Every structure is written in structure tokens, then in C-alpha cells.
Amino acid sequence: MTSLESRIAKAIWRATADDWLKLTDSDVVIVGAGPSGLTAAKYLAQSGLHTLVLEKRLSFGGGIGGGGMLLHKIVVDDRALPILKEFGIKHTYAPEYGLYTLDSSELMAKLAAGAIDAGAKVIHGVTVEDLVIRENPFRVEGVVVQWSAVHISSLHVDPLFISSKAVVDATGHDAEVLKVLERKNPSLGIKIPGERSAYSEAGERAVVEMSGKVLNGLYVAGMAVASLNQLYRMGPIFSGMLASGRKVAEEIIKDLRGVHA
Ligand code: 48F
């Protein structure tokens, strides 16, 4: 048998290549492993769709980890309860405030575990830098990917591609995928004005209502919805993020499988 070092390297090369050969043709690519992206991933994978989450950092949860101003708690309201139950996330009712408090660490860990256990694949350290498109009629058919380390180093390295039937921009406040469309495909008329100041109740409602399809093959969830539609920001209440992820999943399942979730 060859040396342990050789076997370690070969095992990793082989397993990585096996994964990527399958992932290169996915049903759904979700960009961003924040609350909306991970929630969407669970419901999509659960429905049998081959679901890939690409996260540019080496961590899960996006904006969850910072809690409310670095305090380790976030809140949700009643609307999140069915989703918390499905992920097995503990929560405590605060009757004087009409809200539930949660540990941000548990929310991050269990959203990720729920998505992975349902069959979604999450790959860290990959940045989505562009989209694969087709014209007449316009549609999105995948993503252009690069190692985040290459991005950070500013080396000039050509990226690779992942084909998919649906792409979800779940990149948060920056709406990075939609901004690429705005910049590179101006004829589409997509504008990203950014979010408004805080009005938590209205923001929570509207972000769910407006989650869904942007154009053929492209969907949006989470705070990227607020940036696209200039909705109010809501702060560290996460019912809207979770419900937005579920809603986008339901819409994709309906579009790709012709059935209701
Ligand atoms: O920002 P993020 O948590 O997005 P979200 O699901 O949730 C927003 C809340 O966390 C919070 C809030 C709630 O009231 O306001 O901010 O909308 O997670 C977005 C994830 O996407 C990753 C980023 O690192 C983060 O983990 N991301 C962003 N751009 C890219 C990306 C990219 N181009 N490629 C890959 N990952």
C-alpha cells in the first residue's frame, strides 16, 4: 500500500471529483448559505430536487451569527413556528413581547443540518461571480464559479460553470447575483435600489410576499428581495427570512415539477 500521505490526497481528489461531476448538472443552485438559502435548500432537497448551495465563506448562517448587535439571541414571531418545528430548533416564548427568542448558534447549526440531512449539498469557499444565460427568450441556465481564495487574491484565473434549471439569489443585503445581471445585462432593465430604513413589521411581511421568480431560471429569497424591491429592513427578526426561503422553494418545486410542495 502507498504512504498514508498519498492515500489521504488521493481519497480527497477522488471524492471531490465524484461530487463535482454530479454537481455540475444540478436542478437548483442556491447562492448563499444564510437563513433564506438554507431553508430553501431543505425544502427543495426534500422534494427530490438535486440541490446545491454555494457559499463564498467557510461558514454557515450568513447574518445569523452576529445575532442582534453581537448578542447571541435572535427573535421570530408565530409565522416561523412550523419551520422551526420541522428543523427541530428550540425557542422560548416571551409573552411580554409576543416573540420567541432563539440562540443564533442553534439556528445556524440546525438550518445547515436540516438542509444537508434532506439531501442538499453545501460547498464552502466558492464564489458565484456570474450567471450562464441564454437569449431569445432570456433565461438563466446556471452559474459561473470561482474559488473564493482566487477572488480574494485578485489572481486572474478563468472560472468554471455549473448548469442548473433554477438559480436562487440568497446572497443577502448585497444581492450579488442580481447586481451582476444589472451590470452585465442592462437590456433586462433590472435595478437594485437597495433596502429602505427600518420598519420591521412591513419589511417582514413584504419580503415573503415578494420572494420568488425574477425571470426565467432566476429566483430571489431573503434580504436580496428587499434590495431588489427597496423594502424596509427588519433587523434581527428572522421569521421573514425563513418563510422567504420556504416560499421560494415552493415556487421552484411548482415550476420544475409542476406540483405544489
Ligand atoms: O446575508 P445572509 O444571512 O442572507 P439572508 O438569507 O439573511 C439575511 C439575514 O441574515 C440578516 C437580516 C435578517 O433580518 O437582515 O442580514 O438574506 O447570507 C447570505 C450568504 O450569502 C453568501 C454570504 O457569504 C452569506 O453567507 N454570499 C454572498 N454573495 C455570495 C455568497 C456569492 N457571490 N457567492 C457565494 N456566496
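Values in this document were obtained by computation on a predicted structure and should not be read as measured data. Whatever order the structure lists ligands and atoms in, that order sets their numbers, starting from 1.
Taking the six-membered ring for Trp and thresholds of 30 and 60 degrees, Tyr93 and Tyr100 have ring planes inclined between 30 and 60 degrees apart.
In terms of N/O distances under 3.5 Å, ligand 1 is approached by Val128. Not one N or O of Thr127 is nearer than 3.5 Å to an N or O of ligand 1, by distance alone.
Between Thr127 and Trp147 there is no side-chain heavy-atom pair separated by less than 4.5 Å. Side-chain contact between Val76 and Leu102 is present, with heavy atoms from C-beta onward closer than 4.5 Å.
Evaluated by nearest non-hydrogen atom to atom 7 (O) of ligand 1, the leading choice among Pro35, Gly34, Ala226 is Pro35. Of the candidates Gly66, Gly62, Ala170, Gly235, the one placing a heavy atom closest to atom 19 (C) of ligand 1 is Ala170. Selection from Gly222, Gly63, Ala198, Ser148 by nearest heavy atom to atom 10 (O) of ligand 1 gives Gly63.
Formation of a donor-acceptor pair under 3.5 Å by the Ser244 side chain with backbone atoms of Gly222 is found in this model. The backbone N or O of Thr171 lies less than 3.5 Å from no partner atom in the side chain of Glu176, so there is not a single donor-acceptor pair.
At a 4.0 Å cut-off, at least one heavy atom of His173 sits close enough to ligand 1 to count as contact. The closest approach between a heavy atom of Ile237 and any atom of ligand 1 is below 4.0 Å. Distances shorter than 4.0 angstrom occur between a heavy atom of Val126 and an atom of ligand 1.
For Arg196 and Tyr232, the side-chain atoms include at least one donor-acceptor pair closer than 3.5 Å.
The contact set between ligand 1 and Leu54, taken as ligand atoms under 4.0 Å from a residue heavy atom, comprises 35 (C), 36 (N). The ligand atoms of ligand 1 that sit less than 4.0 angstrom from a heavy atom of Gly172 are 1 (O), 4 (O), 17 (O), 19 (C). Atoms of ligand 1 lying under 4.0 Å from any heavy atom of Ser36, numbered from 1 in the order shown and given with element: 5 (P), 6 (O), 17 (O). Ligand 1 places these atoms under 4.0 Å from at least one heavy atom of Val31: 32 (C), 34 (N), 35 (C). When each atom of ligand 1 is checked for a heavy atom of Met234 under 4.0 Å away, the hits are 14 (O).
Looking at atom 22 (C) of ligand 1, its nearest protein heavy atom turns out to be Glu55 OE1, 3.3 Å.
Salt-bridge annotation for Glu141 and Arg139: present, with a side-chain N of the basic residue lying under 4.0 Å from a carboxylate O of the acidic one. Between Lys90 and Glu106 there is a salt bridge, since a side-chain N of the basic residue sits under 4.0 Å from a carboxylate O of the acidic one.
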